[in-house]
Amino acid sequence: MENEEIQHVYAGFWARLSAYFLDTAIIAVFMIVSITFTRNQLDGYLATHPDMLKMMQDSLLSADTSNIADYTTKLMYYYAMFFGFIFNWIYFAGFESSHLGATPGKWVLGIYVTDMEGKRVSFRRATGRYFGKIISGIILGIGYMMAGFTEKFQALHDMMAECLVWKK
């Protein structure tokens with residue numbers, strides 16, 4: 001019996017976009033649960049520690065936060081922005097540099113990320129790729145759309161990090 005080699009091709013724009021939507025759904029569920037839990041804990045704590053609420057109102061934000069619910073809503077906004085940014089970075093860079101070479105969304109669709117030689121990417125390279133996505137998005141998403149038109153289906157952030165995205 002001959003060894004059959006699996007044929008790998010570059011992952012196109014639509015497959016990558018579908019994987020991104022799956023990953024976004026996973027991240028959204030995690031963030032909603034995390035923020036809801038944290039908000040409930042913070043509301044309970046501040047309700048029983050009015051001195052802490054007063055100190056936080058005076059030192060953290062210069063907004064009129066006369067009741068706990070308004071204050072924690074504003075605080076949760078900042079928490080979500082910071083925690084969401086960190087979580088997204090660790091999620092994408094961590095999974096793409098793992099032995100899978102793929103986020104759960106990419107894995108479900110049979111997509112994975114490698115360096116230009118087809119080897120697993122380091123966390124450092126995956127981090128560069130993640131932050132390169134910010135540039136791909138800032139220029140009106142053109143950096144992402146490039147994946148549909150380049151020879152190796154690379155988006156701008158793939159080129160910057162010297163990565164390829166494959167479909168099994």
Salt bridge (charged side-chain N to carboxylate O under 4.0 Å, His left out) pairs, two or more places apart, involving residues 108-128: Arg125-Glu162
Residues which pass side chain to side chain contact (heavy atoms under 4.5 Å, CB included) with Ser136, listed by chain and number, not counting sequence neighbours: Tyr144, Leu156, His157
Under the ring pair (Phe, Tyr, Trp, His ring centres under 6.0 Å) test, which residues partner Phe149, sequence neighbours left out? none
Who are the side chain to side chain donor-acceptor pair (under 3.5 Å) partners of Thr36, not counting sequence neighbours? none
Provide the full list of ring pair (Phe, Tyr, Trp, His ring centres under 6.0 Å) pairs with a residue in residues 19-42, sequence neighbours left out, each pair given once. Phe30-Phe87
Flag yes if Phe131 and Phe82 sit in one hydrophobic cluster, no otherwise; membership is Ile, Leu, Val, Met, Phe, Trp, Tyr, and two members link when side-chain heavy atoms are under 4.5 Å apart. yes
State plainly whether one hydrophobic cluster holds both Ile86 and Ile35, where clusters connect Ile, Leu, Val, Met, Phe, Trp and Tyr through side-chain heavy atoms under 4.5 angstrom apart. yes
Taking only residues two or more places apart in sequence or in another chain, which ones pass side chain to side chain contact (heavy atoms under 4.5 Å, CB included) with Ser18? Leu109
Sequence-distant partners of Asn88, side chain to side chain contact (heavy atoms under 4.5 Å, CB included), two or more places apart: Ile27, Phe92, Tyr130
Considering all heavy atoms, the nearest Ile111-Arg16 contact: CD1-N, 4.1 Å
Spell out, yes or no, whether Leu17 and Val165 are grouped together once hydrophobic residues are joined by side-chain heavy atoms under 4.5 Å, including indirect joins. no
Co-members of Trp166 in a cluster of I, L, V, M, F, W and Y side chains, linked at under 4.5 Å: Tyr10, Tyr112, Met116, Phe153, Leu164
By side chain to side chain donor-acceptor pair (under 3.5 Å) - contacts of Thr127 (at least two apart): Trp89
When rounded to the nearest 0.5 angstrom, what distance separates CD1 in Ile26 from OH in Tyr91? 4.0 Å
Other hydrophobic cluster members with Ile32, side-chain heavy atoms of Ile/Leu/Val/Met/Phe/Trp/Tyr under 4.5 Å, chained? none
For Ser98, which residues count as a side chain to side chain contact (heavy atoms under 4.5 Å, CB included) partner, sequence neighbours excluded? Leu100
Not counting sequence neighbours, which residues clear salt bridge (charged side-chain N to carboxylate O under 4.0 Å, His left out) with Arg129? List them please. Glu96, Asp158
Given the rule that I, L, V, M, F, W and Y join up when any side-chain heavy atoms are under 4.5 Å apart, are Phe13 and Met159 in one cluster? no
Phe123 side chain reached by Ile90 side chain, heavy atoms, under 4.5 Å: yes
When you group the ILVMFWY residues by side-chain heavy-atom contacts below 4.5 Å and let the links chain together, are Met31 and Leu22 in the same group? no
Shortest non-hydrogen contact from Ala126 to Ser97? CB-CB, 4.2 Å
